[in-house]
Amino acid sequence: MPHQTPHRRHPWIVLTAAIAAGSLLALAPQFSASAGEENDAVRAPAGSPVAENGQLRLCDTTLCTAQGKAVQLKGMSSHGTQWYEQCLTDGSLDALAQDWQADVLRVSTYVQEGGYESDPAKFTRIAQRVVDQAIERGMYAIIDWHMLTPGDPNANTELAKKFFTDMAKKYADQPNVFYEIANEPSGVEWSEIKSYAEEIIPVIRQHDPDGIALVGTRAWSSLGVSEGADESEVVDNPVDAENIMYTFHFYAADHDDEYLQTLSRAADEIPMFVTEFGTQKASGDGGDDFAMSQKYVDLMEQKNISWTNWNYSDDSRSGAVFKAGTCAGDEWAGTGVLKPAGVWIRDRIKG
Ligand code: IDC
């Protein structure tokens with residue numbers, strides 16, 4: 001998507017000023033650095049994805065702009081903010097918006113594993129800080145409730161209600177946000193996921209009536225395939241709510257044609273958003289299968305399926321796009337800081 005590149009302070013200027021002032025405080029992230037023409041109504045820099053497309057909605061099974069034109073968003077998912085908050089800075093998000101030309105950032109708030117449940121106020125603050133930075137750059141933001149283990153989303157319903165109330169209240173008037181209510185359910189029937197969705201979506205809509213909700217599917221958002229089912233359980237028994245999409249996740253070195261065909265069939269029947277995928281194994285590690293990944297990317301382009309790739313961090317695994325140690329520095333743009341998966345996915349997003 002074409003972007004206008006707003007003028008930004010070079011990190012060195014900020015650094016030099018900080019040293020001159022003798023104050024470490026000046027090294028704090030510069031949250032209001034965006035310059036250039038602003039569209040006040042949507043707070044998005046001119047030419048950015050949100051300035052161009054506005055509040056999205058569903059046209060039948062397709063994601064559409066405010067003007068009713070089909071749109072495909074491409075971008076990255078963060079890693080869990082409890083581990084990799086340091087990879088989400090003004091500099092890294094400038095690179096994502098301008099160098100990568102991403103349309104969307106998924107902000108992953110894990111529930112367990114030292115995430116939200118351990119300190120709800122802290123993780124809400126982090127999620128809002130990062131969503132605000134995406135908004136300043138005119139990107140869409142997916143607010144990802146990253147439940148994983150346990151796999152039953154109903155295990156966290158009360159926490160989810162609190163989190164999504166806080167988020168939907170804050171972003172009610174912003175066209176940027178999607179609400180992903182359950183990352184990857186597993187070991188639980190579709191009917192249980194559906195009833196969870198029908199409990200959480202009204203909580204969100206009470207504050208943000210036009211926000212699009214993204215609903216995870218059975219078996220790690222495989223539309224059921226990883227537990228021997230398929231998309232028909234969702235197609236035949238959809239969530240009772242408007243303006244929603246279903247998610248599908250894949251890892252190309254593990255998830256072959258059966259998965260690809262399931263996504264393809266599903267996309268003809270129900271709105272699909274691939275909020276997570278990797279070019280490697282489901283562990284997010286190992287060798288990249290770029291040939292299979294390209295088949296998926298082609299299908300998603302052909303069927304107008306939006307996507308975010310896992311993940312925008314410098315974790316040691318091959319699926320984390322940055323080389324280890326990158327997030328401790330201040331260089332983010334270009335390919336020099338990227339692992340092979342990062343070079344590959346940046347090309348696909350820019351293209
Ligand atoms: C993985 C991370 C890894 C972390 C682990 C913790 O890459 O660093 O230790 O989570 O649970 C998913 C999940 C996502 C996984 C990812 C790769 O949504 O949390 O991230 N994956 O394994 N589903 C399929 C793969």
Side-chain angles (χ1 to χ4, degrees), residues 75-88 104-118 123 126-127 130 142-153 155-156 160 163 178-188 193 214-227 246-256 258-260 262-263 272-289 292-293 296 307-327 338-342 344-345:
M76 291 300 299
S77 174
S78 76
H79 202 303
T81 55
Q82 79 273 43
W83 297 307
Y84 290 99
E85 186 193 0
Q86 67 279 13
C87 298
L88 304 165
V104 54
L105 169 69
R106 179 184 192 235
V107 183
S108 294
T109 301
Y110 274 69
V111 186
Q112 279 78 30
E113 301 185 63
Y116 183 89
E117 67 172 12
S118 70
F123 287 100
I126 296 173
V130 181
I142 297 172
I143 299 167
D144 164 30
W145 182 244
H146 205 86
M147 50 71 57
L148 186 61
T149 311
D152 182 353
N156 308 303
F163 178 66
F178 290 80
Y179 301 92
E180 184 172 1
I181 62 173
N183 166 49
E184 290 189 352
S186 63
V188 63
I193 304 167
L214 306 176
V215 182
T217 56
R218 178 141 82 101
W220 299 277
S221 292
S222 69
L223 283 163
V225 182
S226 289
E227 288 172 1
Y246 299 92
T247 71
F248 184 82
H249 294 175
F250 67 86
Y251 283 78
D254 272 335
H255 300 137
D256 57 12
E258 186 191 358
Y259 288 80
L260 181 86
T262 303
L263 173 62
M272 296 302 305
F273 199 133
V274 171
T275 52
E276 203 183 289
F277 76 95
T279 49
Q280 46 299 114
K281 290 190 163 293
S283 60
D285 207 0
D288 293 292
D289 187 341
M292 189 65 197
S293 301
Y296 275 106
W307 52 259
T308 50
N309 175 266
W310 184 260
N311 67 72
Y312 204 63
S313 84
D314 67 351
D315 179 68
S316 63
R317 295 168 181 81
S318 63
V321 295
F322 293 113
K323 290 176 182 164
T326 300
C327 300
L338 301 176
K339 298 196 191 99
W344 192 89
I345 203 70

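Remember, it's 1-based here, ligands and their atoms both numbered in the order they're listed.
The salt bridge (charged side-chain N to carboxylate O under 4.0 Å, His left out) search around Asp289 returns none, not counting sequence neighbours. Lys339 meets the salt bridge (charged side-chain N to carboxylate O under 4.0 Å, His left out) test with no other residue; sequence neighbours excluded. Every residue two or more places apart in sequence or in another chain that forms a ring-ring contact (aromatic ring centres under 6.0 Å, His included) with Tyr296 is listed here: Phe250.
Using a heavy-atom distance under 4.0 Å as the criterion, the protein contacts of ligand 1 are His79, Trp83, Tyr110, Glu113, His146, Leu148, Asn183, Glu184, Tyr251, Glu276, Ala282, Ser283, Gly284, Trp310, Asp315, Arg317.
Here Trp83 and His146 keep their ring centres 6.0 angstrom or further from each other.
The CH2 atom of Trp145 sits 15.5 Å away from the CG atom of Leu214 when rounded to the nearest 0.5 Å.
In this structure the side chain of Met76 never reaches within 4.5 angstrom of the side chain of Thr308, judged on heavy atoms.
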